[in-house]
*Asks:* 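Okay, here's the structure, questions in a sec.
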Amino acid sequence: MYAQMIKSTGQGVKSLDEMEPQERAFQERIDAGGKIEPKDWMPEGYRKNLIRQIGQHAHSEIVGQLPEGNWITRAPTLERKAILLAKVQDEAGHGLYLYCAAETLGVTRDDLTRDLLSGKMKYSSIFNYPTLTWADMGAVGWLVDGAAIMNQVPLQRTSYGPYARAMVRICKEESFHQRQGYDIMMKMANGTEAQRKMAQDALNRFWYPSLMMFGPSDAESVHSAQSMAWKIKMNTNDELRQKFVDQTVPQAEYLGLTVPDENLKWNEETGHYDFSEPDWNEFFDVLKGNGPCNTERLEARNKAWDEGRWVREGLLAHAAKKRSAKLAAE
Amino acid sequence: MSSPESSPYKDTKASIHEETRKTEWPLWEIFIRGQHGLSHRHVGSLHAADAEMAIKNARDVYTRRNEGVSIWAVEAADIAASSPEEKGALYEPSNDKVYRHPTFFNIPDDVGAM
């Protein structure tokens with residue numbers, strides 16, 4: 001998802017009997033559907049895991065502005081441009097909601113930013129793919145935001161209060177993103193032959209990377225088992241991927257576009273679509289930094305940070321000057 | 001969203017980067033009055049160099065869809081908050097004062113609405 005391959009303590013899930021009283025009270029509160037708030041006691045692993053997960057999610061929102069920002073100046077109409085601008089601005093907002101949630105766990109914004117810029121912390125693999133045509137704006141909104149929604153809707157019930165509240169705000173706005181993407185796809189798919197081809201090409205390129213967003217199967221993963229016990233992960237990767245495919249295939253059919261998977265077919269018995277797995281070697285390779293745009297994305301973030309430094313420092317100096325002038329006047 | 005309990009620097013564990021820490025803008029907690037005549041409500045936090053910028057940023061981050069008609073920004077470091085450990089001492093005394101609730105008193109139906 002926007003947070004992929006988050007590693008927990010790796011020690012497997014303790015039973016309530018194995019826990020010290022404080023940890024048992026903590027787990028029982030989560031089991032009962034209670035929320036954990038910033039100053040409450042929490043196991044160190046819970047805190048660390050959440051910082052990694054929320055931080056990676058925030059970074060994905062921020063880096064996620066780049067592939068779409070690529071088309072703002074070239075949007076086909078003024079209306080499309082205004083809409084895309086609003087969407088990209090929302091992504092910045094989502095990143096900020098999430099950074100604040102992470103900050104309640106005792107990490108600062110700058111710590112997280114630095115770890116993104118150095119490559120120590122990751123962002124979603126999906127944003128390392130290029131956006132080559134205007135139809136990609138449609139595919140990203142429809143598929144990428146659609147996949148994100150699958151994950152984010154259940155996270156509104158996550159055990160960590162600030163994270164859950166950030167998710168509520170994000171989900172409210174995310175549905176605009178998916179619809180604007182589908183709206184672009186409808187226009188393209190019903191347009192000229194060249195436009196229809198462009199839409200099909202965008203679907204071809206974004207289908208498997210979208211499926212990868214959910215991460216590899218984690219039914220056997222101890223990390224996922226711990227995260228699920230803590231309710232910071234609500235579903236397995238396979239569950240969410242299946243749900244996404246089931247929802248998306250009819251939408252592609254409505255557009256008259258073909259999902260690029262020969263094995264895709266409705267399974268009467270299971271009540272779900274059968275589909276091909278994405279190429280997981282490609283996924284791991286992109287995570288390692290070898291995707292088509294990894295270097296470009298990190299360079300863009302580093303450039304923004306370095307070139308904005310004088311502004312950050314200047315405004316801080318200005319604020320300090322104003323404050324001392326005010327003190328002197330009192 | 002952050003909460004008033006969060007503090008920008010205190011209790012920060014990952015403090016190996018002193019150089020950037022110095023230049024980090026302070027954390028502000030943002031409160032917004034919605035459009036229904038309600039009181040201001042905490043919506044989250046953000047970083048800004050000063051109060052004026054905190055309000056401007058709050059407008060961009062928290063009211064992109066007409067969520068509010070008024071914004072308060074308070075520096076997080078200036079907020080005093082109770083801690084979870086004090087929960088018992090602070091709130092338990094009210095548990096045995098059920099007579100503070102109107103339902104404690106039985107008023108006969110014949111008396112009518114009260």
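Naming: A, B, ... by sequence-line order, numbering from 1 per chain. Computed from a predicted model, the values in this text were never measured in an experiment.
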*Asks:* Just verifying a value: how many Å separate A:Arg323 CZ and B:Asp50 CG, rounded to the nearest 0.5 Å?
*Replies:* 8.5 Å
*Asks:* Tell me, please, which residues at least two apart from B:His40 pass ring-ring contact (aromatic ring centres under 6.0 Å, His included).
*Replies:* B:Trp72
*Asks:* Name the region of A:Lys322, side chain, backbone, both or neither, that has any atom closer than 4.5 Å to a heavy atom of chain B.
*Replies:* side chain
*Asks:* Write down the atom of B:Pro26, the atom of A:Leu316, and the distance for their closest heavy-atom approach.
*Replies:* CD-CD1, 4.0 Å
*Asks:* For B:Ser45 and A:Cys100, which heavy atoms make the closest approach, and how far apart are they?
*Replies:* O-SG, 3.0 Å
*Asks:* Just checking B:Lys97: does its NZ atom have more than 12 heavy atoms from other residues, nucleotides or ligands closer to it than 6.0 angstrom?
*Replies:*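 It does: B:Lys97 NZ has more than 12 such atoms within range.
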*Asks:* In plain terms, say whether A:Glu173 and B:Arg64 are close enough for a salt bridge, that is, a side-chain N and a carboxylate O under 4.0 Å apart.
*Replies:* yes
*Asks:* For atom CD of A:Glu20, is the number of surrounding heavy atoms from other residues, nucleotides or ligands below 6.0 Å larger than 12?
*Replies:* no
*Asks:* Counting neighbours of CG on B:Asp109 that are heavy atoms of other residues, nucleotides or ligands and sit closer than 6.0 Å, is the number greater than 12?
*Replies:*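 No, CG of B:Asp109 has 12 or fewer neighbouring heavy atoms, counting only those of other groups under 6.0 Å.
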*Asks:* Would you please name every residue forming a ring-ring contact (aromatic ring centres under 6.0 Å, His included) with A:Phe127, sequence neighbours left out?
*Replies:*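 Counting only residues at least two positions away or on another chain, A:Phe127 forms a ring-ring contact (aromatic ring centres under 6.0 Å, His included) with A:Tyr2.
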*Asks:* If you take all heavy atoms of B:Ala49 and A:Ala319, which pair is closest and at what distance?
*Replies:*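 Scanning both residues, the minimum pair turns out to be O-CB, 3.3 Å.
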*Asks:* Go through B:Glu67 and A:Arg169 one step at a time and tell me if the side-chain contact (heavy atoms from CB on, under 4.5 Å) criterion holds.
*Replies:* CA-CA 11 Å; B:Glu67 289 95 336; A:Arg169 291 188 71 91; 4.1 Å; yes
*Asks:* Using every non-hydrogen atom in the two residues, find where B:Trp25 and A:Leu315 come nearest and quote the distance to one decimal.
*Replies:* CZ2-CD1, 3.8 Å
*Asks:* For the CZ atom on A:Arg29, are there more than 12 heavy atoms of other groups (residues, nucleotides or ligands in this structure) within a distance under 6.0 Å?
*Replies:*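 Counting neighbours around CZ of A:Arg29, more than 12 heavy atoms of other residues, nucleotides or ligands fall under 6.0 Å, so yes.
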*Asks:* Is A:Asp90 paired with B:Arg65 through a side-chain N to carboxylate O contact shorter than 4.0 Å?
*Replies:* yes
*Asks:* As a quick check of understanding, evaluate side-chain contact (heavy atoms from CB on, under 4.5 Å) for A:Tyr97 and B:Val61, giving each step before the final call.
*Replies:* CA-CA 8 Å; A:Tyr97 305 156; B:Val61 180; 3.7 Å; yes
*Asks:* Should we count NZ of A:Lys35 as having more than 12 external heavy atoms under 6.0 Å?
*Replies:*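 Yes, the 6.0 Å shell around NZ holds more than 12 heavy atoms from other groups.
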*Asks:* Taking side chain as everything from C-beta outward and backbone as N, CA, C, O, which of these in A:Phe176 sits under 4.5 Å from a heavy atom of chain B? Side chain, backbone, both or neither.
*Replies:*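 Contact with chain B involves the side chain of A:Phe176 alone.
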*Asks:* Does any part of the side chain of A:Glu103, heavy atoms only, come nearer than 4.5 Å to the side chain of B:His47, both counted from C-beta?
*Replies:*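 Side chain of B:His47 against side chain of A:Glu103, heavy atoms only: contact under 4.5 Å found.
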*Asks:* Can you confirm whether B:Glu86 is buried at CD, in the sense that more than 12 heavy atoms of other residues, nucleotides or ligands lie under 6.0 Å from that atom?
*Replies:* yes
